[in-house]
> 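My questions will all concern the structure given below.
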Amino acid sequence: ALSVVMVLSIFYGIFLGVKYAQAEDEATKANMQKTLINFIIGAAAVWILLAVLYAIREPLGRWITSG
């Protein structure tokens, strides 16, 4: 799941970057910049949470089966 999320988010980030580069007027460019920044923050949060979940999967599995 981690690799799929990373690949999809990279493609979506590239898509947003292209849309930002193609923006004609300043209002659209500012709106796309906000969208791109929000995407980067959200993608980083998801990557970190998935990495933490991946790291604790074994202790979490042991904790669930022991109780």
Side-chain angles (χ1 to χ4, degrees):
L2 186 61
S3 60
V4 172
V5 169
M6 290 182 84
V7 168
L8 290 176
S9 63
I10 288 170
F11 283 132
Y12 190 62
I14 291 170
F15 171 74
L16 288 177
V18 168
K19 289 198 56 109
Y20 173 74
Q22 291 176 345
E24 300 273 334
D25 58 346
E26 290 301 318
T28 307
K29 193 166 254 197
N31 188 21
M32 285 306 302
Q33 184 179 14
K34 289 178 186 176
T35 303
L36 192 57
I37 290 171
N38 287 337
F39 164 74
I40 291 170
I41 292 169
V46 168
W47 288 351
I48 289 169
L49 290 173
L50 280 174
V52 168
L53 183 61
Y54 183 77
I56 66 168
R57 74 185 187 280
E58 287 184 31
L60 190 60
R62 281 185 298 212
W63 177 68
I64 291 173
T65 56
S66 68

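Position 1 is the first residue of the sequence; numbering continues from there. Computation of the quantities below employed the complete heavy-atom set of this structure, encompassing side-chain atoms and omitting hydrogens, waters and symmetry-equivalent molecules.
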> Go through the structure and list residues passing ring pair (Phe, Tyr, Trp, His ring centres under 6.0 Å) with Phe39, not counting sequence neighbours.
Tyr12
> Enter the distance from Leu50:CG to Met6:CE here, rounded to the nearest 0.5 Å.
9.5 Å
> Verify side chain to side chain contact (heavy atoms under 4.5 Å, CB included) between Leu60 and Trp63, making sure each step is shown before the conclusion.
CA-CA 5 Å; Leu60 190 60; Trp63 177 68; 3.9 Å; yes
> Test question: given the 4.5 Å side-chain rule for I, L, V, M, F, W and Y, name all other residues clustered with Tyr54, or answer none.
none
> How long is the gap from CZ on Arg62 to CZ on Arg57, to the nearest 0.5 Å?
11.0 Å
> Test of understanding: with side-chain contact (heavy atoms from CB on, under 4.5 Å), list the residues that count as partners of Leu8, not counting sequence neighbours.
Val4
> Under the side-chain hydrogen bond (donor to acceptor under 3.5 Å, both in side chains) rule, collect the residues that match up with Thr28, sequence neighbours excluded.
Asp25
> Would Ile40 end up clustered with Tyr20 when hydrophobic side chains under 4.5 Å apart are linked, directly or stepwise?
yes
> When clusters are formed from ILVMFWY side-chain contacts under 4.5 Å, directly or step by step, what else is grouped with Ile37?
Ile41
> Can you pull out every side-chain hydrogen bond (donor to acceptor under 3.5 Å, both in side chains) where at least one residue sits in residues 30-42? Sequence neighbours excluded, please.
none
